[in-house]
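Order of the sequence lines sets the chain letters (A, B, ...), proteins ahead of strands, with each chain counted from 1.
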Amino acid sequence: MNIWPFSKYCSPFTLHHLGIMGMNQRNVNYIGRYNSRSLYPLVDNKLLTKELALKHKVNTTMLIGAIKHQYEIANFVQVIKGHSGFCVKPAHGSGGKGILVIVKTENDLFYKPNGQALTFSDIERHISNILAGLFSLGGKQDFALIEDLINFDDIFADYSYEGVPDVRVIVFLGYPVMCMMRLSTESSDGKANLHQGAVGVGLCIRTGKAVRAVQKNLPIFKHPDTGADLFKLQVPSWDKVINLAASCYDMSGLGYIGTDIVLDKKHGPLLLELNARPGLAIQTANGAGLLPRLHFIEQFVKRHPQLPPDERVKIAQQYFGVKEL
Amino acid sequence: MISRGVYYLVVCLLLLTGISLMIYQHETFEVPYFPSNKNIAWNIEAKISFDTKNDASGPVKVSFAIPEQQPGFNIVNETTASPDYGLNFVEKNGHSRVEWSKRDVMGPQTLYYRIEILADKNATHTLMTVPEITPNVTPEPYLTALNQIKEAAYSRSTDPFSFTREIFNELRNQDQNAKLLLHTMSKAEIVINALNLANIPSRIVKVLRLEDGRRNQKLIPFIAVFDEKNEFQVFDPETETEGFKENIFIWESNSNSLIDVTGGSNSKVRFSIVRNNISDNKAVALKHDADNLKYGSRFDLSVHYLPIEEQAVFKVVLLIPIGVFFVVFLRIIVGLKTSGTFMPVLIAMAFLQTNLVVGLIGFIAIVGIGLIIRSWLSYLNLLLVARISTVIITVIAIIGFLSFITYKVGLTDGIKITFFPMIILSWTIERMSILWEEEGYKEVIKQGSGSLLVAVIAYLAMSSAIVQHITFNFLGLQLVILALVLLMGNYTGYRLSELKRFKPLAKEIKEPQGELEADRLKKATNDLKKGK
């Protein structure tokens with residue numbers, strides 16, 4: 001019986017029954033409770049994340065160099081010497097803001113993935129914006145990281161438009177609870193953020209196979225630009241990916257994180273960055289609510305504290321997997 | 001983490017204290033919960049400041065004209081604040097003045113005179129004397145011009161008041177005569193001379209316009225015209241209209257000087273006005289024994305003990321929590337996106353000064369022009385701090401330009417856009433421009449209109465007479481708001497916007513093929529709890 005009178009709005013009781021998590025719930029009960037403030041710098045500062053990952057032998061993208069002061073921008077050309085493609089990002093950036101990807105350098109011109117050519121002064125302006133804190137949380141002074149370009153696995157070539165597809169895994173107390181693949185589109189301008197128009201493909205935690213795909217909150221079946229069938233998507237070396245994600249808990253100590261992992265042709269799964277405030281769109285991509293999984297883990301951890309990462313992954317796959325191997 | 005128990009205890013305590021304070025205020029001092037137009041009390045404060053010699057002390061005497069009983073108002077209470085000054089109420093030429101004196105004074109001085117008046121339609125008693133008709137000494141050719149105006153106006157009027165209105169009309173009609181007369185006297189003097197010629201008593205009075213929460217007000221010269229029954233009407237020579245008696249208070253009516261300072265210089269008088277609503281009983285009590293205040297000995301937690309100028313400030317400051325409350329509500333419960341968390345409150349405060357339509361147009365104009373200029377700035381490759389500073393200066397220039405234009409066109413309200421918080425607006429422009437570059441204009445419009453919507457809602461709440469009355473008279477309300485904000489800080493339910501966002505998702509997974517994942521996991525969780 002449907003007694004809810006508003007057709008455009010869902011009843012909060014239905015949402016509750018389906019276990020869908022809202023923003024306030026996430027902020028108060030998960031981020032506020034499980035993420036200690038003192039650990040935030042580890043994930044907000046991508047340089048620290050990298051150092052931490054190296055220490056814990058977690059594979060991560062290669063750092064070419066960092067620019068911390070305005071006068072160092074002049075050295076930029078020296079820093080990128082020998083790298084035709086690279087990626088400039090703010091150390092304290094969030095939501096994909098301020099990331100500049102250069103796929104090749106030719107005759108002192110720098111080419112973006114969409115073919116647009118930038119001059120050195122364009123890059124200089126971008127870096128000085130980063131240094132001034134334009135993209136950082138709260139507008140604090142920041143520094144710019146220059147990373148090696150990721151050569152993503154060929155299987156994804158049909159699934160991405162101008163951007164690097166990555167796997168987002170929500171890891172709760174060390175257990176991977178939900179994951180999705182984020183594919184950039186023309187309307188997301190090569191960025192992998194769902195609210196900017198990227199496609200989110202929910203992945204089965206057991207197999208790495210696609211379960212559902214959404215763009216702008218609505219289900220889709222084909223990539224809007226390349227036309228590839230999204231439901232045929234399967235992430236290769238899935239066990240490595242999911243284990244890498246699970247080990248990020250031991251590395252960072254944060255209870256509720258989003259880990260972003262890319263698959264490199266040569267190096268396999270690499271940790272791109274950690275996010276202490278992962279978004280909620282992953283629920284729409286998977287067609288499932290986060291809350292039942294989180295509640296389950298909360299109970300499970302009470303009985304079985306301190307399992308090693310590989311066993312945590314097995315438990316998660318046993319309970320949260322939706323597809324057969 | 002502090003335990004939930006303490007949190008709920010604090011919230012309960014705040015709520016209880018707040019509400020009981022409000023009830024106490026209502027019961028003990030009979031402050032009505034809702035404003036009424038029945039008993040309006042005006043608190044007026046005159047702040048007298050003057051300079052004395054900085055290097056040597058000397059005697060000072062200040063004589064200040066104070067208002068007298070007049071129709072429409074009852075004077076119920078008057079006080080002065082003047083450190084170490086001798087104080088005297090004296091009569092001079094039959095009019096009361098207050099006199100302060102002190103032997104050794106050095107440096108700048110400030111004296112306060114406060115008066116509480118009660119609006120009372122039945123009060124007819126007046127101490128204003130009918131002025132004598134002075135023989136006219138206007139030389140030619142001005143006298144002829146005056147006579148022409150007088151004759152024309154007289155023939156078309158029936159009583160002194162319609163006569164006055166006709167004089168204003170004639171001044172417009174007889175352009176030549178008006179121009180001639182305005183060479184030697186002011187408009188008010190022309191009217192008074194013309195009235196004198198017709199043997200109608202009149203004089204210039206200095207009045208105060210009663211408006212709530214005004215500071216730095218000056219007295220305005222009006223014309224008082226008397227009829228045979230010794231009743232009078234006031235006319236504003238500027239707007240050439242009759243003054244509404246309810247909000248025109250005559251401060252000085254006998255053509256004496258407002259203030260005389262011997263031993264000092266640069267004397268200045270500024271008035272602050274605050275409006276209050278009081279209960280029937282208190283109004284009666286005030287009327288009966290103005291000096292022997294019935295409530296003097298009881299503990300009164302209210303802003304009313306502050307100087308009126310500070311009260312006028314508090315009237316606005318105490319409204320901020322209301323705006324903040326609405327921002328918290330709209331962000332946490334409704335889920336509106338705004339650019340800059342509390343920017344809408346500051347915009348709403350600016351709207352309070354300008355009024356809604358002018359404020360909205362001003363805001364959109366400033367941000368719109370700012371965005372255009374900012375888009376050009378982004379080509380210049382400036383450092384962030386310098387760029388923001390450029391935007392700030394640009395915003396000031398835009399505001400200056402807009403007030404100039406609107407004033408020239410004749411919209412005096414336009415000048416008030418200087419009340420906009422310029423630095424906040426600059427940051428808004430900067431953020432919106434970045435948003436534009438990164439996420440497109442749609443997101444800018446979404447967040448911009450979200451902020452405006454929140455600002456308008458906050459403005460509507462803050463400008464309501466009931467809200468203003470309650471926030472100003474019941475400080476307990478602040479605690480209640482604090483408790484509510486604390487409660488909302490712990491709200492873990494869905495936002496209204498999320499009900500819409502997750503609607504397609506919920507619709508799809510509500511009827512799964514097999515068992516619903518949520519139910520399956522709930523069972524598994526319960527099994528774990530039981531220890532299976």
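At a threshold of 4.5 Å between non-hydrogen side-chain atoms, the residues B/Leu346 and B/Phe342 do not count as touching. A 4.5 Å side-chain heavy-atom check between A/Tyr175 and A/Leu307 finds at least one atom pair inside the cut-off.
At a 4.5 Å heavy-atom cutoff, the contact between A/Gln70 and chain B is made by side-chain atoms alone. For A/Thr284, the parts sitting under 4.5 Å from any heavy atom of chain B are the backbone and the side chain alike. In this structure, chain A has a heavy atom under 4.5 Å from the side chain of B/Leu516, while its backbone stays farther away. Neither the backbone nor the side chain of B/Asn526 has a heavy atom closer than 4.5 Å to any heavy atom of chain A. A/Leu280 touches chain B through backbone and side chain together, each having a heavy atom under 4.5 Å away. Contacts between A/Leu218 and chain B at a heavy-atom distance below 4.5 Å involve the side chain alone, from C-beta outward. Only the side chain of A/Arg212 comes within contact range of chain B, with at least one heavy atom under 4.5 Å from a heavy atom of that chain. The parts of B/Glu498 that come within reach of chain A are both its backbone and its side chain, each placing non-hydrogen atoms under 4.5 angstrom from that chain. Looking at A/Asn27, the atoms closer than 4.5 Å to chain B (heavy atoms on both sides) all sit in the side chain, from C-beta outward. Only the side chain of B/Ile434 comes within contact range of chain A, with at least one heavy atom under 4.5 Å from a heavy atom of that chain.
Within a 6.0 Å sphere centred on OH of B/Tyr441, other residues, nucleotides and ligands contribute 12 heavy atoms or fewer.
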Could you list the donor-acceptor pairs under 3.5 angstrom formed between side-chain atoms of residues 366-375 of chain B and any protein atom two or more places apart in sequence or on another chain?
| residue | atom | partner | partner atom | Å |
| --- | --- | --- | --- | --- |
| B/Arg374 | NE | B/Glu430 | OE1 | 2.7 |
| B/Arg374 | NE | B/Ser433 | OG | 3.4 |
| B/Arg374 | NH1 | B/Ser433 | OG | 3.3 |
| B/Arg374 | NH2 | B/Glu430 | OE2 | 3.3 |
| B/Arg374 | NH2 | B/Ser433 | OG | 3.4 |
| B/Ser375 | OG | B/Ile372 | O | 2.7 |

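The salt bridge (charged side-chain N to carboxylate O under 4.0 Å, His left out) analysis of residues 11-24 of chain A, with sequence neighbours excluded, yields no pairs.
The aromatic rings of A/Phe172 and A/Tyr256 sit perpendicular to each other, their planes meeting at more than 60°, with 30° as the lower class boundary. Ring geometry, A/Phe110 versus A/Phe120: the interplanar angle falls from 30° to 60°, so the pair is classed tilted.
Listed options A/Leu131, A/Val214, A/Ile20 were ranked by heavy-atom pairs under 4.5 angstrom with chain B; first place goes to A/Ile20. In terms of heavy-atom pairs under 4.5 angstrom with chain A, the leader among B/Glu443, B/Arg501, B/Arg431 is B/Arg501. Of the listed residues A/Arg26, A/His17, A/His295, the one with more heavy-atom pairs under 4.5 angstrom with chain B than any other is A/His17.
There is no side-chain donor-acceptor pair under 3.5 Å between A/Arg277 and A/Asn35.
Under the 6.0 Å distance and 45° angle rule, A/Arg37 counts as a cation-pi partner of A/Tyr40.
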